[in-house]
Amino acid sequence: MGVTDFIKGSAGTAPPDSKEITDSSSGSEVVHDLFKPKGGREATFDASSSEVSFYAPIESYEGIHRYDPKFEWEPQEERRIVRKIDYKICAWVCLMFFALQLDRGNISQALSDNMLKDLHMTTNDYNTGQTIFYLSFLCAELPSQLISKKLGPDNWIPIQMVSWSLVASCQAFMRGRSGFWACRALLGMIEGGFIPDNILYLSYFYTGSELPIRLSFFWFAFQFTNIVSAFLAYGILHMRGVNGLPGWAWLFALEGTVTGLIGIVSWFYLPPSPTQTASKFRGKDGWFNEREEKIMVNR
């Protein structure tokens with residue numbers, strides 16, 4: 001069965017844009033201009049030469065200078081690069097998620113230090129505040145991702161972290177229900193979108209088959225934070241009375257400060273893409289050489 005017979009047999013008729021030319025010397029049919037593209041685009045498959053061509057990335061793509069679809073490399077090289085990305089990128093993303101959960105989850109530890117009594121609040125007031133937080137978090141998801149695409153996750157993620165660390169630290173100065181609700185709303189709006197922003201950032205460095213296992217590391221950091229934060233809270237809550245502040249106020253202030261420091265370092269640490277790792281902070285030569293960058297762009 002020839003190519004044309006196969007297409008006719010599967011689709012019923014030949015595509016309207018295809019042209020059939022019979023080779024009289026061999027008696028076989030050769031299909032030219034098969035599936036001719038519309039609008040002047042390049043074809044991805046030329047049946048006459050049986051060669052596959054590729055759509056080139058847009059000119060604004062930051063890795064266009066490393067794009068080479070004919071570039072070849074050894075599997076061992078790729079595995080070595082992936083391990084390097086795990087160490088340089090994935091580990092830091094897990095640290096940033098640790099910071100998120102540290103500020104997002106310390107409210108439960110603050111309750112154990114009579115926070116509601118100090119703020120003259122009831123359980124219903126607390127539940128209302130948590131509802132406000134989650135609604136704000138949900139509403140901020142889409143706008144945050146749009147901003148991340150515009151500014152780049154390497155810029156937007158540190159801005160988010162520093163912003164919510166300021167709000168988290170300011171919770172130490174809450175004096176009543178209104179302040180509690182306002183802080184929960186602000187935290188939800190700023191933290192919303194942080195998780196998908198990080199997943200977007202990871203997708204710059206990992207393939208679709210590599211990303212799921214890295215996301216498992218990401219969520220492992222979530223559980224690890226719950227363990228570590230409990231020990232931190234035990235020590236910090238014993239600071240009740242220092243400078244006249246309750247223990248829960250010190251908890252918010254100190255853990256918010258930790259997040260802010262991680263956010264500031266992240267601003268300088270996170271590279272925009274695999275081909276843009278060179279900087280004063282990361283080194284003038286960057287993390288990857290030219291061959292490693294070509295492997296990451298073309299794999």
- Atom CG of Asn198 and atom CZ of Phe218: how far apart are they, to the nearest 0.5 Å? 4.5 Å

- Item | Test item: Thr259 side-chain N/O and Glu255 main-chain N/O as donor-acceptor pair under 3.5 Å | yes

- Message: Please tell me whether Gln276 and Ser273 have a donor and an acceptor in their side chains that are separated by less than 3.5 angstrom.
- Response: yes

- Group every Ile, Leu, Val, Met, Phe, Trp and Tyr by side-chain heavy-atom contacts under 4.5 Å, then state whether Leu100 and Ile199 land in the same group. yes

- Atom CZ of Phe173 and atom SG of Cys183: how far apart are they, to the nearest 0.5 Å? 11.0 Å

- Distance-only, no hydrogens or angles: does the Glu191 side chain make a donor-acceptor pair with backbone N or O of Gly188 under 3.5 Å? no

- Query: If only atom types and distance count, is the side chain of Gln130 paired as donor or acceptor with the main-chain N or O of Asn127 below 3.5 Å?
  - Reply: no

- Query: Distance only, no hydrogens: is a donor on one side chain within 3.5 Å (strictly under) of an acceptor on the other, for Ser144 and Trp156?
  - Reply: yes

- Side-chain donor/acceptor of Asp103 to backbone N/O of Ala168, under 3.5 Å: no

- pair Glu210-Thr207: side-chain heavy atoms closer than 4.5 Å: yes

- Message: I want to check something: taking the side chain as every heavy atom from C-beta on, are Thr275 and Phe288 in contact at a cut-off of under 4.5 Å?
- Response: no

- Query: Is Arg175 salt-bridged to Asp118, cutoff N-O under 4.0 Å?
  - Reply: no

- Query: Yes or no on side chain to side chain contact (heavy atoms under 4.5 Å, CB included) for Ile107 and Met115, after CA distance, side-chain angles and deciding distance?
  - Reply: CA-CA 9 Å; Ile107 186 68; Met115 185 188 76; 3.7 Å; yes

- Item | Any side-chain donor near an acceptor of the partner, Thr128 and Asp125, under 3.5 Å | no

- Query: Got Met161 and Ile157 here, is their nearest side-chain heavy-atom distance under 4.5 Å?
  - Reply: yes

- Query: Can the ring centres of Tyr269 and Trp287 be said to be less than 6.0 Å apart?
  - Reply: yes

- Query: Any ion pair linking Glu292 and Arg80 (charged N to carboxylate O, less than 4.0 Å)?
  - Reply: no

- Message: Keeping Arg282 on the side-chain end and Leu270 on the backbone end, is there a donor-acceptor pair under 3.5 Å?
- Response: yes

- Task: Heavy atoms only: give me the nearest Pro196-Glu141 pair and the separation to one decimal.
- Result: CG-OE1, 3.3 Å

- Message: Any non-hydrogen side-chain atom of Ile236 less than 4.5 Å from a side-chain atom of Gln109?
- Response: no

- Is a side-chain N or O of Asn289 found less than 3.5 angstrom from the main chain of Arg291, in a donor-acceptor match? yes

- Mind checking whether Phe268 and Val258 sit in one hydrophobic cluster, side chains of I, L, V, M, F, W, Y counted as touching below 4.5 Å? yes

- Are the side chain of His238 and the backbone N or O of Tyr234 linked by a donor-acceptor pair below 3.5 Å? yes

- Under 3.5 Å: donor-acceptor pair, side chain of Arg240, backbone of Trp250: no

- Task: For the residue pair Ser148 and Leu200, establish whether any side-chain heavy-atom pair is separated by less than 4.5 Å.
- Result: yes

- Message: In this structure, would Leu142 and Leu138 fall into the same cluster of hydrophobic residues linked by side-chain contacts under 4.5 Å?
- Response: no

- Answer whether the closest heavy-atom distance between the side chains of Tyr206 and Cys90 falls below 4.5 Å. yes

- Measure the CD1-CZ distance between Ile262 and Phe97 for me, rounded to the nearest 0.5 Å. 13.0 Å

- Task: Measure up the Phe133 and Phe137 rings against each other and bin them: parallel (under 30°), tilted (30 to 60°), perpendicular (over 60°).
- Result: tilted

